[in-house]
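Note sheet for the following structure.
Predicted model, so just to flag it, every value in this text is computed and none were measured. Whatever order the structure lists them in is the order used to number ligands and atoms, beginning at 1.
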Amino acid sequence: MLDSTAPIGIFDSGIGGMTVARAVTKLLPKENTIYFGDTAHLPYGDKSTAAIQAYSIKICNVLLQQNCKLILIACNSASAAAYELAREYVGSKARVINVIDPVVDYIKERYEGKTVGLIGTKQTVLSNVYKKKIDALNRAILLKSLATPLLAPMIEEGFVDNTISESIIARYLSDPELQGIESLILGCTHYPLIKKQIRQYYGDAVEILDTSEIVAQSLRAWLEQHYLINTKGEGKRDFYVSDYTQSFEMSTQLFFGKQITLSHYPLWE
Ligand code: DGL
């Protein structure tokens with residue numbers, strides 16, 4: 001039996017997943033959350049499936065030790081590579097949620113017979129996880145996907161609203177693979193930060209799906225359905241990283257909206 005007052009664990013390859021953590025804490029301000037950023041191993045987007053699985057299980061252990069009622073895999077690459085394994089590993093000790101299924105559910109209701117685009121890391125796109133899940137819906141939804149590996153490092157360097165970012169974004173979005181789409185899934189933790197630029201590129205022609213918001217809504221719905229909303233919580237927020245640098249701490253502002261204190265928690269000791 002899970003405890004409603006237990007914290008929600010959220011993990012990502014680094015601090016980008018704070019876009020998801022931010023959406024969750026905005027929607028559920030009383031929940032206590034524990035964020036784990038695997039900064040020692042980022043980026044996950046170029047790593048092998050086996051490596052991401054090993055890191056993810058290690059992090060699940062950390063979050064289980066903290067008695068989390070729910071573990072949210074906030075990273076698209078880890079959701080693609082390690083969700084099934086993590087869910088099996090965690091078993092009944094906590095619920096595991098990924099950032100892909102809520103988006104697939106959202107698309108299922110709204111995009112029957114339509115064409116949907118996806119941008120993300122190489123791991124997310126080349127794993128074909130979105131495609132397999134969307135095809136399994138049997139709703140005649142055509143997915144057109146493109147790996148856009150330059151976008152995450154570009155955003156981390158603060159290039160979100162200048163001529164350089166504008167031309168990189170335009171270069172990717174004008175790729176023949178993405179033509180004819182009616183909505184675009186932002187399949188990476190970092191992309192909510194360039195949502196405005198992507199929206200400017202398309203105008204109103206394409207719906208931009210901010211996965212962090214969709215995931216936060218789905219997480220709240222699940223907690224409600226299972227009577228696991230923490231009504232007595234104080235909204236305590238803990239942030240851990242597997243490798244600490246001051247520059248990571250400064251960059252938290254980009255992703256969480258305000259600068260926060262990171263605690264160092266080495267993974268392999
Ligand atoms: N968090 C990753 C994702 O959402 C992006 C950064 C990385 O490659 O680690 O796919």
Side-chain angles (χ1 to χ4, degrees), residues 9-24 35-56 58-60 63 71-83 86 96-104 117-131 133 145-160 165 168-169 172 184-195 198 208-216 218-219 239-243 245 247-248 251-252 254-256 262 267:
I10 302 173
F11 82 84
D12 176 46
S13 56
I15 53 178
M18 286 184 188
T19 54
V20 187
R22 183 185 185 179
V24 169
Y35 183 91
F36 194 101
D38 192 8
T39 47
H41 300 115
L42 66 79
Y44 279 8
D46 300 328
K47 296 277 184 318
S48 69
T49 298
I52 299 171
Q53 288 179 338
Y55 305 148
S56 300
K58 206 76 184 153
I59 299 167
C60 284
L63 296 173
I71 295 176
L72 168 60
I73 308 181
C75 175
N76 281 266
S77 306
S79 292
Y83 168 62
V96 181
I97 287 186
N98 65 58
V99 287
I100 297 175
D101 288 327
V103 179
V104 171
L118 164 73
I119 52 173
T121 64
K122 287 184 199 161
Q123 167 63 231
T124 300
V125 171
L126 301 180
S127 69
N128 269 326
V129 170
Y130 272 98
K131 184 167 167 32
K133 289 185 188 253
S145 48
L146 184 72
T148 48
L150 259 186
L151 295 183
M154 177 190 92
I155 294 164
E156 275 168 20
E157 288 303 321
F159 284 65
V160 293
S165 58
I168 294 175
I169 291 167
Y172 276 136
L184 179 68
I185 303 168
L186 305 186
C188 174
T189 47
H190 292 48
Y191 301 172
L193 298 179
I194 51 168
K195 189 163 68 172
I198 295 179
I208 311 303
L209 303 183
D210 182 339
T211 55
S212 60
E213 284 166 12
I214 296 172
V215 168
S218 153
L219 187 147
F239 295 93
Y240 296 105
V241 282
S242 52
D243 183 41
T245 66
S247 101
F248 282 139
S251 301
T252 57
L254 272 179
F255 298 97
F256 200 68
L262 300 177
L267 260 191

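Under a 3.5 Å cut-off, the side chain of Gln123 and the backbone N or O of Lys47 do form a donor-acceptor pair. With hydrogens and angles ignored, the 3.5 Å screen pairs no side-chain donor or acceptor of Ser145 with any backbone N or O of Val125.
In this structure, the ring of Phe256 has its center no less than 6.0 angstrom from the ring center of Tyr35.
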Residues His41, Lys58; criterion side chain to side chain contact (heavy atoms under 4.5 Å, CB included); working and verdict: CA-CA 12 Å; His41 300 115; Lys58 206 76 184 153; over 6 Å; no
Would you mind writing out the side-chain donor-acceptor pairs for residues 184-191 within the sub-3.5 Å range, not counting sequence neighbours?
{"unit_1": "His190", "atom_1": "NE2", "unit_2": "Glu156", "atom_2": "OE2", "d": "2.8"}
{"unit_1": "Tyr191", "atom_1": "OH", "unit_2": "Thr148", "atom_2": "O", "d": "3.3"}
{"unit_1": "Tyr191", "atom_1": "OH", "unit_2": "Thr148", "atom_2": "OG1", "d": "2.8"}

With the criterion set at N/O pairs under 3.5 Å, what does the list of contacts between the protein and ligand 1 look like, atom names and distances included?
{"unit_1": "ligand 1", "atom_1": "1 (N)", "unit_2": "Asp12", "atom_2": "OD1", "d": "2.8"}
{"unit_1": "ligand 1", "atom_1": "1 (N)", "unit_2": "Ser13", "atom_2": "OG", "d": "3.3"}
{"unit_1": "ligand 1", "atom_1": "1 (N)", "unit_2": "Thr189", "atom_2": "OG1", "d": "3.0"}
{"unit_1": "ligand 1", "atom_1": "4 (O)", "unit_2": "Asn76", "atom_2": "N", "d": "3.1"}
{"unit_1": "ligand 1", "atom_1": "4 (O)", "unit_2": "Thr189", "atom_2": "N", "d": "3.0"}
{"unit_1": "ligand 1", "atom_1": "4 (O)", "unit_2": "Thr189", "atom_2": "OG1", "d": "3.3"}
{"unit_1": "ligand 1", "atom_1": "8 (O)", "unit_2": "Tyr44", "atom_2": "N", "d": "3.4"}
{"unit_1": "ligand 1", "atom_1": "8 (O)", "unit_2": "Gly45", "atom_2": "N", "d": "2.8"}
{"unit_1": "ligand 1", "atom_1": "9 (O)", "unit_2": "Ser13", "atom_2": "OG", "d": "2.6"}
{"unit_1": "ligand 1", "atom_1": "9 (O)", "unit_2": "Tyr44", "atom_2": "N", "d": "2.7"}
{"unit_1": "ligand 1", "atom_1": "10 (O)", "unit_2": "Ser77", "atom_2": "N", "d": "3.2"}
{"unit_1": "ligand 1", "atom_1": "10 (O)", "unit_2": "Ser77", "atom_2": "OG", "d": "2.6"}

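For the 3.5 Å distance criterion, the side chains of Thr121 and Ser77 qualify, holding a donor opposite an acceptor.
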